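Chain naming here is simple, since letters A, B, ... match the order of the sequence lines and numbering starts at 1 in each. Everything quoted here is computed from the prediction, not taken from an experiment.
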There are 2 protein chains.
Amino acid sequence: MTLTQLEAFVLVARLGSVKAAARSLGVSEPAVSSALASLRQQLGDSLVQRTSSGMELTPGGRRLVPIASQMVGLAVEAEAAIRQAQGAPDNLRVVATSDVAESVAPALVAAFNAKSKAVEVSLGVCSTEDMAAILQERLADVGIGPSLSSDGFPRLECSPLFRYRLIFVASPDHHLSGAAAIEPRALAHETWLVGPDAGDERSPVRSLLDRLHVPEARISVFPSHAAALTAAEQRQGIAPAVAHVVLDDPEPRGVVPLAVRGTPVELLWHVTMLAADRRSLASAAFHRFVGTPAATHAMHAPLRGVRPSQFRPPVYVTIWN
Amino acid sequence: MTLTQLEAFVLVARLGSVKAAARSLGVSEPAVSSALASLRQQLGDSLVQRTSSGMELTPGGRRLVPIASQMVGLAVEAEAAIRQAQGAPDNLRVVATSDVAESVAPALVAAFNAKSKAVEVSLGVCSTEDMAAILQERLADVGIGPSLSSDGFPRLECSPLFRYRLIFVASPDHHLSGAAAIEPRALAHETWLVGPDAGDERSPVRSLLDRLHVPEARISVFPSHAAALTAAEQRQGIAPAVAHVVLDDPEPRGVVPLAVRGTPVELLWHVTMLAADRRSLASAAFHRFVGTPAATHAMHAPLRGVRPSQFRPPVYVTIWN
DNA sequence: CGCCTAGATAAGCGATCGGTTATCGGATAG
DNA sequence: CTATCCGATAACCGATCGCTTATCTAGGCG
């Protein structure tokens with residue numbers, strides 16, 4: 001029974017699939033499967049069994065989850081405690097959905113870092129779907145993205161962070177540029193140039209594309225939002241974008257907003273972390289920070305110096321440990 | 001950071017020496033030392049440092065102890081939880097000092113076993129000194145021996161179990177047999193035939209020998225009390241013994257009690273286990289059991305069928321896991 | 001019916017673990 | 001000063017871990 005095995009098991013139990021757990025851990029599927037096999041053999045219980053709809057816990061597995069989860073949590077706590085005892089900088093791992101990670105997160109993280117020098121902040125990317133489990137399993141300390149409040153993760157606390165506007169942009173040459181009061185359903189057969197969050201089942205962009213019934217063939221997914229925007233400048237296509245990031249850019253992009261009815265879409269990003277009694281000192285400091293005007297200001301500031309290379313290449317994987 | 005390493009560290013911290021930890025775990029000294037080295041390297045903290053008087057914790061080490069302790073505790077809890085979920089018999093590991101293990105413990109354990117068929121009980125031996133740490137680290141569930149109440153192990157609960165009389169016996173041929181009102185200090189230069197607990201710093205027999213200033217050369221330590229008694233039948237020497245065990249034996253030993261002033265010595269054995277809120281179901285059942293008349297009766301019953309071979313050969317080591 | 005998805009299994013590989021015996025080093029006591 | 005105790009280290013070894021790629025297999029679905 002190793003901590004690695006326990007962590008794999010907990011993630012399988014929490015996420016309901018070996019595949020998702022493997023993705024969250026950034027390893028291959030058999031790695032997780034065999035970790036599970038070792039546990040099963042050693043404990044003499046199958047722990048989880050596949051059913052038609054995901055993986056179901058056995059009675060033994062159900063008991064193991066909270067214990068194993070706590071053990072893994074204690075392991076990271078141990079490391080943090082010792083680092084702190086030595087006066088070493090505390091560590092804060094922020095995960096965000098890809099849209100956040102490419103818009104407001106860098107500035108927010110930088111501002112926080114400037115203020116609390118004793119904390120080392122790192123920024124990662126994950127899908128909305130995995131975020132709750134990642135936070136609960138302490139693979140990360142803070143999550144930024146859509147609201148996670150109704151997820152059945154009672155130990156997580158989710159609060160509104162930032163109100164933003166989703167707009168659609170295109171090159172000035174685009175045939176819809178300049179058109180007035182465009183009907184949304186007219187966009188169903190346009191070419192869409194989107195960032196990685198189009199792969200995230202629960203991202204606003206994804207649900208929008210789903211609602212419009214845009215066929216797969218008309219969607220081009222880019223490894224970053226910046227790349228999607230660049231493509232929109234050059235190719236005929238529509239890109240969703242966060243309003244203030246595109247419009248207030250000091251070096252304006254070669255795209256213009258489209259006058260689509262119902263836009264800009266008002267949306268909210270939330271910040272999620274463990275409940276107050278079990279979060280780390282650094283997490284608590286971050287939580288306090290995001291309530292300050294300095295944080296709001298940083299997020300509203302135009303995006304500066306963000307290059308796609310700043311973001312982890314494997315966008316949908318969060319790797320630490 | 002593996003559980004094995006954490007356990008080694010905790011035991012070193014608790015027992016104050018690598019040697020004692022190695023003994024408790026039943027492994028060699030370098031095994032513990034290298035486990036410690038791995039932890040030190042990985043966490044970047046020396047954790048414990050040797051001083052003139054034992055090992056001293058660093059600030060980081062001090063923080064790690066409770067966390068690591070909890071982790072290993074959870075590991076054994078996990079196994080127990082799953083075993084129980086499968087309806088498998090619960091497991092109760094009893095440790096006792098060697099005097100108890102050879103006198104009342106077998107009957108007590110057997111009686112408990114007969115009553116709760118769903119619990120598998122095993123009996124081990126350890127020194128008084130190590131008992132508290134062994135219980136706290138869940139290497140065993142129940143400890144029987146001298147009182148441990150003043151040991152600075154706040155999570156342990158210690159209650160009186162059994163009042164017994166310590167007497168001295170010798171062969172009827174012995175020159176002191178039949179003598180009246182023997183002065184204790186007259187025994188200082190006799191030959192003593194004692195069981196393994198003479199090696200236990202805190203056993204009553206040891207402190208008695210210390211008080212009499214019996215020279216090392218006059219003490220013969222046997223691998224079991226039974227062996228010491230047998231030797232007393234055949235050789236010229238005095239053996240300490242638990243009164244009712246020797247006197248009520250259905251097949252009387254060839255020894256007689258000596259009329260030493262101050263004897264019989266009234267002593268108490270205690271039972272120690274984790275505090276009520278963190279003990280296992282089986283431990284709780286055992287705790288209830290020792291308060292019943294059946295338990296008292298079992299302990300008072302003459303020792304039946306006890307052979308030295310029933311006791312672990314390496315007397316001062318407790319091995320499970 | 002065959003395809004597809006997702007988990008299990010096989011085979012293999014390097015790193016680490018966990019243990020041993022033997023030796024070294026440093027403080028303490030006599 | 002030397003003997004001794006105790007922890008650290010060296011050298012070594014087998015088992016396991018943790019991971020990979022490739023293949024197998026059981027259900028669900030068109």
Student check: side-chain heavy atoms of B:Val205 and B:Trp192 closer than 4.5 Å: no
Distance-only polar pair, side chains of A:Gln84 and A:Asp90, donor-acceptor under 3.5 Å: no
For B:Arg206, salt bridge (charged side-chain N to carboxylate O under 4.0 Å, His left out) partners two or more places apart: B:Glu201, B:Asp210
Pair A:Ser46-A:Arg40, side-chain donor/acceptor within less than 3.5 Å: no
side-chain contact (heavy atoms from CB on, under 4.5 Å) between A:Leu193 and A:Ile219, worked out: CA-CA 6 Å; A:Leu193 312 169; A:Ile219 304 178; over 6 Å; no
Contact list for DNA chain C against residues 68-79 of chain A - heavy-atom distance below 4.0 Å: none
Any A:Leu3 side-chain heavy atom under 4.5 Å of B:Thr2 side chain: no
Note, A:Thr58 side chain near A:Gln49 side chain (heavy atom, < 4.5 Å): yes
Contact check, side chains of B:Arg50 and B:Val18, non-hydrogen atoms, under 4.5 Å: no
Nucleotide range of DNA chain C lying under 4.0 Å from chain B heavy atoms: C:dC17 to C:dT28
Flag side-chain contact, heavy atom, 4.5 Å: B:Val194 against B:Leu209: yes
Non-hydrogen side-chain atoms of B:Asp141 and B:Met273 separated by less than 4.5 Å: no
Sugar-phosphate only, base, or nothing, as touched by A:Ser28 at under 4.0 Å among non-hydrogen atoms: base
Residue closer to the 5' end of DNA chain D, A:Thr51 versus A:Gln42 (nearest nucleotide): A:Gln42
Close side-chain approach of A:Leu123 and A:Arg93, heavy atoms under 4.5 Å: no
Any side-chain heavy-atom pair of B:Leu47 and B:Leu57 under 4.5 Å: no
Start and end of the DNA chain D segment that chain B contacts, any atom under 4.0 Å from a heavy atom: D:dC6 to D:dT9
Sugar-phosphate only, base, or nothing, as touched by A:Gln5 at under 4.0 Å among non-hydrogen atoms: sugar-phosphate
Qualifying residues under salt bridge (charged side-chain N to carboxylate O under 4.0 Å, His left out), relative to A:Glu137, sequence neighbours excluded: A:Arg14
Nucleic acid contacts - residues 30-39 of chain A versus DNA chain D, non-hydrogen atoms under 4.0 Å: A:Pro30, A:Ala31
